[in-house]
**Student:** 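Structure below; questions to follow.
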Amino acid sequence: MSRLIGFLAVLLLLSITAHSAPSCPAVKQEVAPCVTFVKGGADAKPSEECCKGVKNLSVNAANKADKEAVCLCLKQALSTVGTYNPSQVSALPKKCGISLDLPAIDKDTDCTK
């Protein structure tokens with residue numbers, strides 16, 4: 001019985017500390033309010049909801065694998081919004097006052113770098 005309790009305690013600890021990359025649906029939901037900003041000009045300002053989503057992404061993109069997953073999801077999401085300004089994507093964190101390095105994502109972006 002004590003082995004079972006020990007095993008369950010270890011399993012619980014592992015499940016609490018386990019980390020997985022953000023899912024694409026979650027990433028898309030977080031950045032959906034940013035579409036107007038990335039389609040706008042250099043004078044555009046991101047909305048409060050957009051900045052909240054970018055902040056959530058920065059918290060959940062803890063390592064290289066997470067950042068690559070977020071980049072791939074953003075690349076996929078941006079492919080469906082029509083014409084947009086890739087440099088606006090990289091400007092998002094700064095405009096929101098967040099420390100996150102995002103590339104200017106377009107169809108040719110290599111998310112592994």
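Along the sequence shown, the residues carry numbers beginning at 1. Below, all heavy atoms of this structure are taken into account, side chains as well, without hydrogens, waters or symmetry copies.
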**Student:** Of the non-hydrogen atoms in V38 and Q88, which two are nearest, and what is the gap between them?
**Tutor:** CA-CB, 3.6 Å
**Student:** Check the surroundings of atom NZ in K64: do more than 12 heavy atoms from other residues, nucleotides or ligands lie under 6.0 Å from it?
**Tutor:** yes
**Student:** Using 0.5 Å steps for rounding, measure from the NZ atom of K55 to the CG atom of L100.
**Tutor:** 12.5 Å
**Student:** Quick check: closest heavy atoms across N85 and G40, and the distance to 0.1 Å?
**Tutor:** CB-O, 4.1 Å
**Student:** Is any side-chain heavy atom of L92 closer than 4.5 Å to a side-chain heavy atom of C34?
**Tutor:** yes
**Student:** Locate the shortest heavy-atom distance separating L102 from S90; write the atom from each residue and the value.
**Tutor:** O-CB, 3.0 Å
**Student:** Measure across V89 and Y84 and return the closest heavy-atom pair with its distance rounded to 0.1 Å.
**Tutor:** CG2-CE1, 4.2 Å
**Student:** Kindly check if the number of other-residue, nucleotide or ligand heavy atoms within 6.0 Å of CG (D101) is above 12?
**Tutor:** no
**Student:** Could you list the donor-acceptor pairs under 3.5 angstrom formed by side chains in residues 71-82, with sequence neighbours left out?
**Tutor:**
from	atom 1	to	atom 2	distance (Å)
K75	NZ	K107	O	3.3
K75	NZ	T109	O	2.7
S79	OG	Q76	O	2.6
T80	OG1	A77	O	2.7

**Student:** Once you round to the nearest 0.5 Å, how far does CD of E30 lie from NZ of K52?
**Tutor:** 8.0 Å
**Student:** Could you check if a side-chain atom of D66 sits within less than 4.5 angstrom of a side-chain atom of N60, using non-hydrogen atoms only?
**Tutor:** no
**Student:** With a 4.5 Å cut-off on side-chain heavy atoms, are K39 and T83 touching?
**Tutor:** no
**Student:** What distance do E68 atom CD and N63 atom CG have between them, rounded to the nearest 0.5 Å?
**Tutor:** 10.0 Å
**Student:** Provide the closest heavy-atom pair for C50 versus P46 in the form atom of the first, atom of the second, distance.
**Tutor:** SG-CB, 3.8 Å
**Student:** To the nearest 0.5 angstrom, please state how far the NZ atom of K94 sits from the OG atom of S99.
**Tutor:** 12.5 Å
**Student:** Please report the closest heavy-atom contact between F37 and K95, naming both atoms and the distance.
**Tutor:** CZ-CG, 3.9 Å
